[in-house]
Structure formats: C-alpha cells, structure tokens
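Have a look at the structure below before the remarks.
Note on naming: letters A, B, ... go to the chains in the order of the sequence lines (proteins, then strands), and numbering restarts at 1 for each one.
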Amino acid sequence: MKQHELFIYNSLSKKKEKFTPIHKDAVGMYVCGPTVYSNVHLGNCRTFLSFDLVFRYLKHLGYKVRYVRNITDAGHLENDGESGDDPILKKARIEQLEPMEVVQKYTVDFHTIMAKFNALPPSIEPTATGHIYEQIHIVEKIIEEGLAYEKNGSVYFDVLKFNETNNYGKLSGRQIEDMIANTRELAAQTDKKNPQDFALWKKAEPQHIMRWPSPWGMGFPGWHLECTAMSTKYLGNNFDIHGGGMDLKFPHHECEIAQAEACNHTSPVNYWMHANMLTLNGKKMSKSTRNFILPMDMFTGDNDILSKPFSPTVTKFFMYQAHYRSILDFSSEALEASEKGFNRLMDAHRMLNEITISEKSTLDIKSWVKACYDAMNDDFNSPILIAHLFEAVKFVNSLKEEKETISAEDLELLKQTIDDFLFDVLGLEDNVSENSQDGEKLTAAVELLIQLRNTARANKDFAMSDKIRDELASKGIQLKDGKDGTTFSLN
RNA sequence: GGCAUCGUGGCCGAGUGGCUAGGCUCAGCUCUGCAAAAGCUGCUACAGCGGUUCGAAUCCGCUCGAUGCCUCCA
C-alpha cells in the first residue's frame, strides 16, 4: 500500500474528505452503468472514463477494488402515470426485435467502445434482468417496514412517511416541503398517494413484453431499484464509493438512499461521487435533445461537428485535462489543442530511452514525483497531474539536448513514474504502437527514408531531401532533426 | 417557480485569502542548407458593483449571464 492520503469530494457532505475505506486494504465501488437501448454517446462515456480513472488510481495505490457497474437492461418507467413506457420495449417495437436482442446489441456496442477507450472492465457487471428476485425481495422488505404500499398491482415508496424518520433529499439538498410546494399539476391520474412517491414495482400492461411474476402480479421493477439490489448484493449494506453522472443525483441516487435505508436501516454509501456533464454547443449531451456525438463517429471523422477524426486515447486525454467535477465543453478547437499536447507527451515518453545518464540530476525528481501524487490525491485532479507531466516533457527534451542532466537512479524513477501515470493510471495508449508488427515495419521503412534523405543532404541534393521530408509530412509522418540524428512521429 | 453549480488571459482549462498552473495559439531568438521539431524569451487574466481584510480571482452580499436537476438521461 502506497503511503498517500487520498481526499475525495463527497457529494453528500459537499466537502473533500480523507478517504478511509471500510476494510483497510479493500474498496467497494458501485457506478451506475448505461441503459442499453441505444448506442452510448460521448457524454455517457465521460462518466465511465472518469470512474475508470478512479478505479485505476485506487488499484495503483495498492487497494484491492471490487468495482461493480450495472447494465440496465430491464427498462424503466419513462413517464409518470398512464403514459408510462419502457424505452427498451419501445425500441424493440420500432426495430422489430426481441427486447433482449436490443439489449444484446447495445451491450456489445458499449463494451466495444469502452475497450477502444482502454477502460478496464469492472469486476462485476450485473444486469437488472438477472436480479429480478433480489429486487422483489427488497420491495417486500420495504413493505414490511411500512414504507411502501401496493395499489392496483404496483408498489410505491412512501416518501412522506420515510421522511418522518429519515431525511429524504439530503444528497441533492432538497427539502420535502419545497418539493410538495412545487408539485406540478399532472393531468394523468396516478395510483400514488403523493406525487413525491416513486415506483418500486410497476404493473405490466398487456402490451408490455418485459414482465416478471411477483407477489403483486405480472410487472417490472421500478427504475431505482436495481442499483440498490445489485450494489448491496455485491458490496454489502454499507460500502465505500458510489458514483454516477451528475444528472442521476436526483431523483435516482436520492431514491437509492431511501430504499437502502428503508430496508437495511443503514446509510448505504460512505462517499458519493458525481461526474459532471460533457456539453456540446454549451448544452448537455443528450439523446433526447439530439445534442450528442457517438464515439465511433468521432474516431472515424464521420460527423458534422469536428474538423477531423480523433483517436480514443486523444479523446480521453482531452477529457482528463479537465477535472471530473467540472462541466467540459466539447469542440474541435479544444480537441486539436489536446491532440498536439498529447503527441508532444508521447514523443517525450519515447525519448526517455535515448537519454544519456550523468553523475547528478539537475531536477529534484523525488519532489516532482510527490507533486504528481499530490495532484491525484486531491480528489483525482488529473489536469494538475497532466500539467506536471508536461513539466517532465520539458525536462526530458532538455536532457536530450544535454542542457540538463540526470543520474541513473533518477532516470529510472522518472521513467517508472511517467509510465505508471501515463499508462496505468490515465490508461492512455501510444498511437505509434512500437510493439506491434506493423509498427515495426513502419519504423523500418521510415528509417530507410531518413537514411536516404540524410545521404541526399550530405550531397547537397536538397531537392531530393526536401521531397522526402515533404512527401512524408503530407502523409502525416513528421521528421524531426535533432542533435543526434533524425526521429519521426505520426500526426 | 424551487434546489444547485458556474462565469479565469486569443482559445481550452487548473487554482481558491498573500508566492504561482498547464496545454494550444501568437511574436522574437537559438539551432538548421531552408524548414520542422526542440529549447529560450515575451503576451498577466480572474463577469459587474459593493463589503470583510494589512491583503481577494479566492470569503460575504447584490446584479447580470450561463448551465444542470426538479420528467427518461452518464
């Protein structure tokens, strides 16, 4: 276990708190996953990448982490009252597919995209449909506690009654009185006692294909229930970290707290973490408003928003240049700026293998390493970490030019730390895959051209040397003349 | 309407009582056959108005503007 004090911003207390896991060396973390009725868009991805960083850093610190992220495949109530519909079912009708066929298709898409982003798979990825029994059991317990009631085959959580002994609204900072005062008039009639109540179990209408038997008849689970069922099943009634997008804070996470407290009499989560939204044109990316971009369309460049394609790793790097709790706006200019910085970072990383060592170091490497950890320990501040990595880039470039020096021991430490943060913690990937066979072939070919060009230059055949250089540049291969010869990078 | 968050230099984005991000862009210099790359130098910002303080981008109040949630949403 690395001896560093980690601080996490807890949405519940609205403060940064020292992180102390329930069990000394193990961490339980639950993150609300995607609803698989359509392709994940880039905004969805930001949240999962934010928590991939958390997962990776906790593991890097030496914790044994059980990371549970659900797949919502059961569909939920879309609207209140009679207009209620299940998005998965809806999609199934449109595409003439079995509901589980839709689920399968978009689950595969989700996994493909996350793999392209080099996000680690969670330890457990449970599905809502696989935990119907557990969900029914929780409903029964809440009814036993007297905090839920059945009406016409549906079961609702009694928020007002719960609030008599508990605090409903503590996560989102809402007062129940305000909520009552601001209740909108609903045209549709409802079985709820109060508008604040939410469904735990919903009766299935005849046309509703996704349905399961329950003590209250054929139906399906309410939309907050699966997370309570699956988080407590795999992590216990009280666990360390619960994450999700900011937009889930209310009502979803508020309801999760209520459900868990109602049936387990304990606060379910010690640290609530919320990742902020990715915006496009200053507005939240959202399927329903059609303001979004699909990851695949940005990797291929097949979109009207960006000037060029961007790789998954550059996209991720761009996201990590902003803090996870800040809103991040998405634009071609910002992406291009990140891409250039990213390439410089990777060039410097490759250059680390060509450094000559000296007796002494002209930079205090240990302090620099500490600064990197300090950044991450301050609520996973990746932008600060990246700023420090760029300081290292400057230093490495100067080493290459022999304007600075480094000892063998410090070089080892520098290399190790850069590797750790770049690849283990940030989970970035070098686009010039030097390990792959194709990469080796490319390197061999370009190096031959570099030799030919240098021969031409020696013979003052600048027409030829410039032709080689410019033709390669136009293909995205940039030659760089340095003190000890020529290297290249891909743009 | 209610609850919350935010407004930082040409752009993107950290910071959150005194030192001072970082990336991209731009200008000059060094290097170079010329470039590019790299390095060096330069560009000093915190929406507005009050207040607290020896001192505020940072705390408090108000104003303006934006966003999120209150309905499915990461």
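Rounded to an integer number of Å, the gap from Leu426(A) CG to G23(B) P is 16 Å. Asp379(A) has its CG atom 13 Å from the C1' atom of A14(B), to the nearest Å. Per the geometry, CG belonging to Leu225(A) stands 15 Å off P belonging to C72(B), to the nearest Å. The interatomic distance linking Ile386(A) (CD1) with G15(B) (P) rounds to 13 Å, in whole Å. Separating the CG atom of Asn291(A) from the C1' atom of C73(B) is a distance of 13 Å, rounded to the nearest angstrom. What separates CD1 of Ile468(A) from P of C34(B) is a distance of 19 Å, to the nearest Å. One interatomic measurement links the two molecules: CG of Leu278(A) to P of C6(B), which rounds to 18 Å at whole-angstrom precision. For Lys403(A) and U41(B), the NZ to P distance is 10 Å, given to the nearest whole Å.
Between Ser326(A) and Glu333(A), it is Glu333(A) whose nearest contact on RNA chain B lies nearer the 5' terminus. In this structure, Gln175(A) and Ala337(A) both approach RNA chain B, and ranking their closest nucleotides by distance from the 5' end singles out Gln175(A).
Among A74(B), G23(B), U32(B), the nucleotide with an atom closest to any side-chain atom of Arg457(A) is U32(B). Minimum atom distance to the side chain of Lys340(A) is reached by C24(B), of the listed C24(B), A21(B), G33(B). Here U16(B) is the nucleotide among A21(B), U16(B), G33(B) with the atom lying nearest to any side-chain atom of Lys16(A). Side-chain proximity of Arg453(A) to the nucleotides A74(B), A37(B), A35(B) is greatest for A35(B). Nearest to the side chain of Ala387(A), among C72(B), G13(B), G22(B), sits G22(B). Of the listed nucleotides (C70(B), C72(B), C24(B)), C72(B) has the atom at the smallest distance from the side chain of Tyr37(A).
Backbone-only engagement by Gly282(A) is indicated by non-hydrogen atom pairs under 4.0 Å involving sugar-phosphate atoms exclusively. Among the heavy atoms of the strands lying under 4.0 Å from Asp481(A) is at least one base atom, whether or not backbone atoms are also near. Among the atoms of the strands shown, none is found under 4.0 Å from any heavy atom of His274(A). As judged by a 4.0 angstrom heavy-atom cut-off over every strand, Lys394(A) is placed among residues touching the sugar-phosphate backbone only. Within the nucleic acid shown, Leu328(A) comes within 4.0 Å of sugar-phosphate atoms alone, with no base atom in reach, counting heavy atoms only. Counting any heavy atom pair closer than 4.0 Å across all strands shown, Ala334(A) reaches sugar-phosphate atoms only and no base atom. Residue contacts for Ala322(A): at a heavy-atom cut-off of 4.0 Å it reaches the sugar-phosphate backbone alone, with no base atom in range. Note on Gly33(A): only backbone sugar-phosphate atoms sit closer than 4.0 angstrom, heavy atoms only; bases stay farther off. In this structure, Ser331(A) reaches neither bases nor backbone, as no heavy-atom distance under 4.0 Å exists between it and the strands shown. Among the protein residues, Lys460(A) comes within range of no part of the nucleic acid, since none of its heavy atoms lies under 4.0 Å from any strand. Note on Asn381(A): only backbone sugar-phosphate atoms sit closer than 4.0 angstrom, heavy atoms only; bases stay farther off. Gln321(A) comes within 4.0 angstrom of the backbone, heavy atoms only, and of no base. No contact: Gly482(A) has no heavy atom under 4.0 Å from any strand. Residue-level contact check: Thr279(A) touches neither bases nor backbone, having no heavy atom under 4.0 Å from any strand.
Look at the P atom in both G50(B) and G68(B): the space between them is 32 Å, to the nearest Å. Using P as the reference atom, C19(B) and U30(B) are 35 Å apart when rounded to the nearest Å. Comparing G28(B) with G33(B), their C1' atoms are spaced 22 Å from each other, to the whole Å. Annotation: C40(B) and A74(B) have their P atoms spaced 45 Å apart (nearest Å). A distance of about 16 Å separates the C1' atoms of U63(B) and C6(B), rounded to the whole Å. Here, U25(B) and U20(B) have their P atoms 25 Å apart, quoted to the whole Å. Atom name P, nucleotides C3(B) and A21(B): the rounded distance is 37 Å, in whole Å. Look at the C1' atom in both A45(B) and G13(B): the space between them is 13 Å, to the nearest Å.
In this model, no donor atom of one side chain and acceptor atom of the other lie less than 3.5 Å apart for His224(A) and Glu254(A). In this structure, a donor-acceptor pair under 3.5 Å is absent between the side chains of Ser154(A) and Asp191(A). Between the side chains of Tyr30(A) and Asn70(A), at least one donor-acceptor pair of N or O atoms lies under 3.5 Å.
Asp329(A) contributes no side-chain N or O that forms a donor-acceptor pair with the base of G13(B) under 3.5 Å. Judged by atom type and distance alone, Lys287(A) does not reach the base of C72(B) through any side-chain donor-acceptor pair under 3.5 Å. Residue-to-nucleotide contacts include a donor-acceptor pair under 3.5 Å from the side chain of Arg469(A) to the base of C34(B). No hydrogens or angles were tested; on distance alone, nothing pairs the side chain of Arg174(A) with the base of C70(B) as donor and acceptor under 3.5 Å.
G23(B) has no base stacking with the ring of Phe390(A) when judged by centroids under 5.5 angstrom apart and an interplanar angle below 30°.
Of the possible polar contacts, one joining the Asn397(A) side chain to the Val393(A) backbone as a donor-acceptor pair under 3.5 Å is found.
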Verdict with supporting geometry, Ser326(A) and Asn276(A), side chain to side chain donor-acceptor pair (under 3.5 Å): CA-CA 6 Å; Ser326(A) 299; Asn276(A) 219 137; over 6 Å; no
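Taking the ring centroids of Tyr168(A) and Phe157(A), they lie at or beyond the 6.0 Å cut-off.
Look at C26(B): its Watson-Crick or wobble partner, with both distances under 3.5 angstrom, is G42(B). Across the strands present, U5(B) finds its partner in A66(B); the criterion is a Watson-Crick or G-U wobble pair with both atom distances under 3.5 angstrom. C19(B): no Watson-Crick or G-U partner with both key distances under 3.5 Å is found in any strand.
Between Asp374(A) and Lys370(A), at least one side-chain N (NZ, or NE/NH1/NH2) sits under 4.0 Å from a carboxylate O, which counts as a salt bridge.
Heavy atoms of other residues, nucleotides or ligands lying less than 6.0 angstrom from NZ of Lys308(A) number more than 12. By the neighbour-count criterion of 12 heavy atoms within 6.0 Å, atom NZ of Lys467(A) is sparsely surrounded, having that number or fewer from other residues, nucleotides or ligands.
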